[in-house]
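So you know, we letter chains A, B, ... as the sequences are listed, proteins then strands, and number each from 1.
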Amino acid sequence: MTQASTQQRTPLYDRHVDAGAKLVAFAGWEMPVQYAGISEEHHAVRTAAGIFDVSHMGQIETRGPDAQAYLQHLLSNDLRKLAVGGAQYSVICRQDGGVLDDLFTYRLADAHFLTVTNASNHAKDLAWFKANTDGFDVDVIDCAANYAMLAVAGPRARAVVANLSDGLLPPRFHACERVIAGAPALVCGTGYTGEDGVELLISPDDARQVWDALLKAGVVPCGLGARDTLRLEVCFHLYGHDLSEERGPIEAGLGWCCHEETGFIGAEAVRAAREVQPEQQLVPFRLTGPGIARQGNPVIGGGIVTSGTLSPSLGVAIGMAYLPLALSEIGSEIEIDVRGKRRAAIVESKPLYRKDG
Amino acid sequence: MADASYPDDLLYHHEHDWARIDGDVATCGITWFAQEALGEIVFYEPPQVGTTIVQDQPYAEVESVKAVSDVIAPLSGEIIESNTALADSPEAINDDPYGAGWLIKVRLSDQSERDSLLDAAAYSATLE
């Protein structure tokens with residue numbers, strides 16, 4: 001069963017093995033998909049605090065006098081609204097509006113930005129960043145190897161991290177430098193679970209020390225399996241599932257992070273899509289009977305499921321699908337072809353899971 | 001069940017299924033390895049009694065939170081009993097894969113097919 005691995009490993013690989021994690025290949029990395037079990041880890045994040053090793057994610061640094069103007073050329077959101085110490089979500093698009101990646105950018109100083117990429121897109125993003133520097137006085141630096149990244153999430157996450165911090169944690173959508181468990185860290189008030197929490201960008205050499213301190217403080221190690229169920233319950237997009245180069249941000253429901261007036265690459269295509277309404281729209285759904293819909297399952301009458309799982313919080317099968325406008329209204333009853341069986345579902349509003357029930 | 005286990009009184013199919021043969025009836029299920037690889041099983045639809053199944057062909061699906069997997073028939077025959085309790089408690093397949101987690105009982109149509117199955121030692125060897 002075991003074969004020589006050509007996958008990259010995070011600095012915490014040995015910790016995952018020791019903790020009994022089930023490891024899988026993901027975007028060229030050998031990553032923990034679960035430790036004790038997906039449901040158990042999921043509930044730990046919803047009710048207490050969990051920690052994810054997301055060191056596979058990439059980082060690109062942009063510096064120089066034209067850093068803001070340059071990034072505004074690439075990123076869909078309005079960079080003027082990103083103050084020093086802030087965090088902003090955006091997409092990057094091809095000229096035709098197809099989504100190349102979705103990512104968070106942190107403004108570390110007036111002319112110094114850090115952008116976090118999806119692991120599966122990092123090489124592509126970096127090439128795109130470098131191919132579009134003409135006319136801008138900037139340095140684009142691949143710094144993925146400089147960082148380990150830990151996401152701590154859950155109602156208790158901030159309190160636990162704060163106990164190990166030399167100062168106050170940044171508010172939501174802000175970032176600042178702190179020392180966490182003895183390690184210098186860029187602490188970011190962002191996450192991917194729908195729970196409060198922070199993401200820590202630290203030196204790979206410090207990853208074990210910070211991981212160990214957080215586990216000792218009672219934070220539960222969680223794998224990519226729980227990360228997926230958590231994000232899907234709150235309808236956060238996963239690139240490669242709900243986003244692709246073949247889909248634009250408007251049909252994906254990401255028009256809110258696109259400011260066409262800034263003139264980013266793809267802005268004209270995005271504006272056109274916003275004006276005419278695309279033929280399909282990404283919407284969340286819930287199954288009303290048995291079965292679990294999965295990525296790739298067709299919807300009767302047109303459309304396709306891009307993400308699907310059993311929701312540990314709701315106890316029902318949920319997902320997201322691109323649906324023709326006629327089927328995409330909230331409350332619309334649809335049927336999904338799940339490997340030859342027709343499964344009944346209903347279109348829901350976002351998010352599928354709400355904290356207050 | 002926490003630790004790997006492959007009872008000696010069962011025969012095994014290389015696609016991670018087991019059969020307990022008693023005369024012309026076989027009880028079938030998935031192995032410890034299969035349920036461990038899947039993780040917690042959250043959905044299983046018991047097949048209908050009377051369905052004909054064919055050796056090496058899928059006859060049902062088991063689903064974990066993360067993935068769906070076909071269950072392969074270790075032997076051919078007609079389903080004479082289906083473990084319908086699993087529709088409400090699919091986790092029994094994880095907890096007791098060779099006991100309460102049995103999937104179907106089959107009246108065998110070809111006794112010679114058993115010769116193609118593996119004993120516990122041979123099956124365990126395929127997992128290494």
Evaluate A:Arg339 against B:Glu63 for salt bridge (charged side-chain N to carboxylate O under 4.0 Å, His left out), listing each step before the verdict. CA-CA 12 Å; A:Arg339 294 177 302 283; B:Glu63 297 202 40; 2.9 Å; yes

Report the C-alpha separation of B:Val42 and A:Ile292 in whole Å, then their side-chain angles, then the decisive distance to 0.1 Å, and conclude whether the side chain to side chain contact (heavy atoms under 4.5 Å, CB included) test is met. CA-CA 9 Å; B:Val42 293; A:Ile292 302 172; 3.8 Å; yes

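Enclosure of atom CD in B:Gln111 by more than 12 non-hydrogen atoms of other residues, nucleotides or ligands within 6.0 angstrom is indicated. The local environment of CZ in A:Arg46 is crowded, with over 12 non-hydrogen atoms from other residues, nucleotides or ligands closer than 6.0 Å. Within a 6.0 Å sphere centred on CG of A:Asp18, heavy atoms belonging to other residues, nucleotides or ligands number more than 12. No more than 12 heavy-atom neighbours from other residues, nucleotides or ligands sit within 6.0 angstrom of CG on B:Asp8.
Atom CG of A:Leu310 is separated from atom OG of B:Ser64 by 10.0 Å, given to the nearest 0.5 angstrom. To the nearest 0.5 Å, the span separating CD on A:Glu40 from CD on B:Glu40 amounts to 8.0 Å. Rounding to the nearest 0.5 angstrom, the gap separating the OG1 atom in A:Thr309 from the NZ atom in B:Lys66 is 7.5 Å.
The residue among B:Ala67, B:Ala87, B:Ala37 with the most heavy atom pairs within less than 4.5 Å of chain A is B:Ala67. Counting heavy-atom pairs closer than 4.5 Å to chain B, the top residue among A:Val33, A:Asp228, A:Ile38 is A:Ile38.
A donor-acceptor pair under 3.5 Å links the side-chain atoms of A:Lys22 to the main chain of B:Glu36, judged by distance alone.
The residues B:Glu45 and A:Arg343 are annotated as salt-bridged, a charged nitrogen and a carboxylate oxygen being separated by less than 4.0 angstrom.
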